[in-house]
J.: 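Input: one structure, supplied below.
Please read these numbers as outputs of a predicted model, since none were measured by experiment.
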Amino acid sequence: MIKLALTDLDDTLIKNGLPRATDHAIAGIHAMLDAGLRFGPVSGRIPSDLGWMFGDDSACFATGALVNGQMVYVDGELVHVEVLDGAELNAVAAELSKIPGCILTMYDLDTPSDEGAACFVSPSKEHARDCGKTFRHIRRWVPQLSEPTYVKANIWCEGSREHITWVRDMLRDCFPSMDFVFPSPTAPLIDVSPAGWSKGSAVRFLAKELGLDLSEIAVFGDSENDLSMIEAVPNSVAVSNACEEVLRAARWHIGSSADDAVADALYQIVEAASTQDMPSFMKGERR
């Protein structure tokens with residue numbers, strides 16, 4: 001049976017454009033918790049975003065992993081953190097300053113993303129100003145980072161998907177101590193993570209912390225930054241709006257984020273757990 005459900009948020013549990021998780025999804029989470037099961041988000045989001053995403057219902061995110069697995073929580077306690085090197089991030093910022101429309105972005109973990117958490121980093125004020133004309137929600141700029149370590153970083157990149165993919169691959173070649181992945185099949189974003197640590201690493205860490213076998217965990221995702229956790233557990237699930245890589249890698253498929261398919265799956269997990277069975281969407285042939 002499934003004892004822990006872990007899900008990506010943006011366009012997996014929560015359809016992009018919605019102000020928060022639906023009442024149906026939040027009720028499904030509480031149905032799991034009331035049944036003695038566990039639930040948690042595994043997201044690229046920062047901790048200060050979780051309040052508005054779950055209507056300030058902290059029970060929904062007491063356990064899970066944020067910033068693509070770099071911050072791991074169990075029962076409301078931060079139990080593990082992976083950091084990025086500030087000097088290496090400055091080198092990334094310098095490299096991106098050569099590419100119009102591509103810029104490193106850092107985040108204040110205590111400020112919600114929609115309230116000014118993000119800050120451009122570029123040695124060129126002109127480059128930052130030009131990027132600001134495209135990515136207008138980011139209003140602050142610094143020429144370089146001053147702290148030795150940081151947690152949340154990503155890259156906003158203007159252009160075609162082919163161009164953004166080229167930028168991602170170039171950065172992977174130039175900076176092997178970090179990994180660069182897409183958090184969305186469509187958003188002009190590249191997430192930055194420490195090489196060797198991912199959402200999959202966080203899922204394995206959580207399994208050990210909670211005393212669970214990986215076969216007792218279900219993970220739900222839609223994008224490239226979910227692949228590591230999709231590949232980490234036997235019961236991996238893709239929503240129907242997932243990118244092709246996730247659809248191919250996931251063992252099970254459900255409906256779309258627009259149809260609240262993950263919420264429906266949570267209810268099936270609860271129902272099956274009452275008889276120590278597997279949920280109905282995990283029966284039969286791989287889909």
J.: Under 3.5 Å, is there a donor-acceptor pair between the Ser43 and Asp8 side chains?
T.: no
J.: Just verifying a value: how many Å separate Leu171 CG and Glu95 CD, rounded to the nearest 0.5 Å?
T.: 7.5 Å
J.: Grab the two heavy atoms, one from Cys157 and one from Ile164, that are nearest each other, plus how far apart they are.
T.: O-CD1, 3.3 Å
J.: With a 3.5 Å distance limit and no angle check, can you tell me whether Ser240 reaches the backbone of Ser256 through a side-chain donor-acceptor pair?
T.: yes
J.: Would the distance check show the side chain of Glu224 and the main-chain N or O of Phe182 forming a donor-acceptor pair, the cut-off being under 3.5 Å?
T.: yes
J.: Hydrogens and angles aside, do Glu88 and Ser177 bring a side-chain donor and acceptor to less than 3.5 Å of each other?
T.: yes
J.: Is the shortest heavy-atom distance from the side chain of Leu6 to the side chain of Val203 under 4.5 Å?
T.: yes
J.: Give the cluster check for Phe39 versus Phe205: same hydrophobic cluster or not, with ILVMFWY residues linked at side-chain heavy-atom distances below 4.5 Å.
T.: no
J.: With rounding to the nearest 0.5 Å, note down the distance linking CZ in Arg251 to CD in Glu231.
T.: 15.0 Å
J.: For residues Ser198 and Ser228, report the shortest heavy-atom separation together with the two atoms involved.
T.: OG-OG, 3.1 Å
J.: Checking side-chain polar atoms at under 3.5 Å, does His127 have a donor or acceptor matched by the opposite partner on Ser122?
T.: yes
J.: For the side chain of Asp213 and the backbone of Ser215, is there at least one donor-acceptor N/O pair under 3.5 Å apart?
T.: yes
J.: Looking at CG of Leu66 and OG of Ser48, how far apart are the two atoms once the value is rounded to the nearest 0.5 Å?
T.: 9.5 Å
J.: Determine yes or no for a side-chain-to-main-chain donor-acceptor pair under 3.5 angstrom, with Asp226 supplying the side chain and Ser223 the backbone.
T.: yes
J.: If only atom types and distance count, is the side chain of Lys199 paired as donor or acceptor with the main-chain N or O of Leu227 below 3.5 Å?
T.: no
J.: Testing the 3.5 Å rule here: is there a donor-acceptor pair between the side chains of Asp260 and Thr22?
T.: yes
J.: Tell me whether Ile29 shares a hydrophobic cluster with Tyr267, the cluster being built from Ile, Leu, Val, Met, Phe, Trp, Tyr side chains joined at under 4.5 Å.
T.: no
J.: Could you tell me whether the side chain of Ile190 reaches within less than 4.5 Å of the side chain of Asn154, counting heavy atoms only?
T.: no
J.: Compare all side-chain heavy atoms of Arg161 with those of Pro188 and state whether any distance is below 4.5 angstrom.
T.: no
J.: For Pro41 versus Thr63, what's the shortest heavy-atom pair and its separation?
T.: CD-O, 3.3 Å
J.: If Ile, Leu, Val, Met, Phe, Trp and Tyr residues are connected whenever their side-chain heavy atoms lie under 4.5 Å apart, and connections chain through other members, are Val239 and Val237 in the same group?
T.: yes
J.: Is it the case that more than 12 heavy atoms not belonging to Gln276 sit under 6.0 Å from its CD atom?
T.: no
J.: Is Leu78 reachable from Val72 through a run of I, L, V, M, F, W or Y residues, each pair having side-chain heavy atoms under 4.5 Å apart?
T.: no
J.: Please report the interatomic distance CG(Asp179) to OG(Ser193), rounded to the nearest 0.5 Å.
T.: 6.5 Å
J.: Any donor-acceptor pair under 3.5 Å linking the side chain of Thr275 with the backbone of Ala272?
T.: yes
J.: Give a yes or no on whether the backbone of Asp11 and the side-chain of Asn241 come within a donor-acceptor separation of less than 3.5 Å.
T.: yes
J.: Salt bridge or not between Arg38 and Asp75? Use side-chain N to carboxylate O under 4.0 Å.
T.: yes
J.: Test Phe135 against Glu158 for side chain to side chain contact (heavy atoms under 4.5 Å, CB included), laying out the working first.
T.: CA-CA 9 Å; Phe135 307 114; Glu158 183 182 12; 4.1 Å; yes
J.: Has Gln70 got a side-chain atom pairing as donor or acceptor with Val151's backbone, closer than 3.5 angstrom?
T.: yes
J.: Grouping I, L, V, M, F, W and Y whenever their side-chain heavy atoms are under 4.5 Å apart, do Met71 and Met229 come out in a common cluster?
T.: no
J.: Is the ring pair Phe54/Phe61 parallel, tilted or perpendicular, if the boundaries are 30 and 60 degrees?
T.: tilted
J.: Looking only at the aromatic ring of each residue, does the gap between the centers of Tyr73 and His80 stay below 6.0 angstrom?
T.: no
J.: How long is the straight-line distance from OH of Tyr107 back to CD1 of Ile46, given to the nearest 0.5 Å?
T.: 8.0 Å
J.: Is Thr111 reaching over with its side chain to a backbone N or O of Ala117, donor-acceptor style, under 3.5 angstrom?
T.: no
J.: On the 0 to 90° scale, with breaks at 30° and 60°, tag the Trp156-His137 ring pair as parallel, tilted or perpendicular.
T.: perpendicular
J.: Indicate the atoms forming the closest heavy-atom contact of Ile269 with Leu37, along with that distance.
T.: CG2-CD1, 4.0 Å
J.: So which heavy atom on Glu209 is nearest to which on Val74, and how close?
T.: CB-CG2, 4.3 Å
J.: Are the side chains of Ile99 and Met170 in contact, using a 4.5 Å heavy-atom criterion?
T.: yes
J.: Could you tell me the separation between the CG atom of Asp222 and the OG1 atom of Thr12, rounded to the nearest 0.5 Å?
T.: 3.5 Å
J.: Take Ile2 and Asn235 through the test side chain to side chain contact (heavy atoms under 4.5 Å, CB included) and record every step on the way to the result.
T.: CA-CA 9 Å; Ile2 300 300; Asn235 291 306; 3.8 Å; yes
J.: With a 4.5 Å heavy-atom cut-off, do Leu9 and Asp49 have their side chains touching?
T.: no
J.: Under 3.5 Å, is there a donor on one side chain and an acceptor on the other for Tyr150 and Asp85?
T.: no
J.: Would Ile254 and Asp264 count as a side chain to side chain contact (heavy atoms under 4.5 Å, CB included) here? Give the steps.
T.: CA-CA 9 Å; Ile254 58 173; Asp264 291 340; over 6 Å; no
J.: Lys208 versus Arg204: any side-chain heavy-atom pair under 4.5 Å?
T.: no
J.: Output, in order, the C-alpha distance, side-chain angles, deciding distance and verdict of side chain to side chain contact (heavy atoms under 4.5 Å, CB included) for Val192 and Val92.
T.: CA-CA 10 Å; Val192 186; Val92 170; 5.7 Å; no
J.: Under a 3.5 Å distance rule, please check whether Asn90 uses its side chain to pair with a backbone N or O of Leu145 as donor and acceptor.
T.: yes
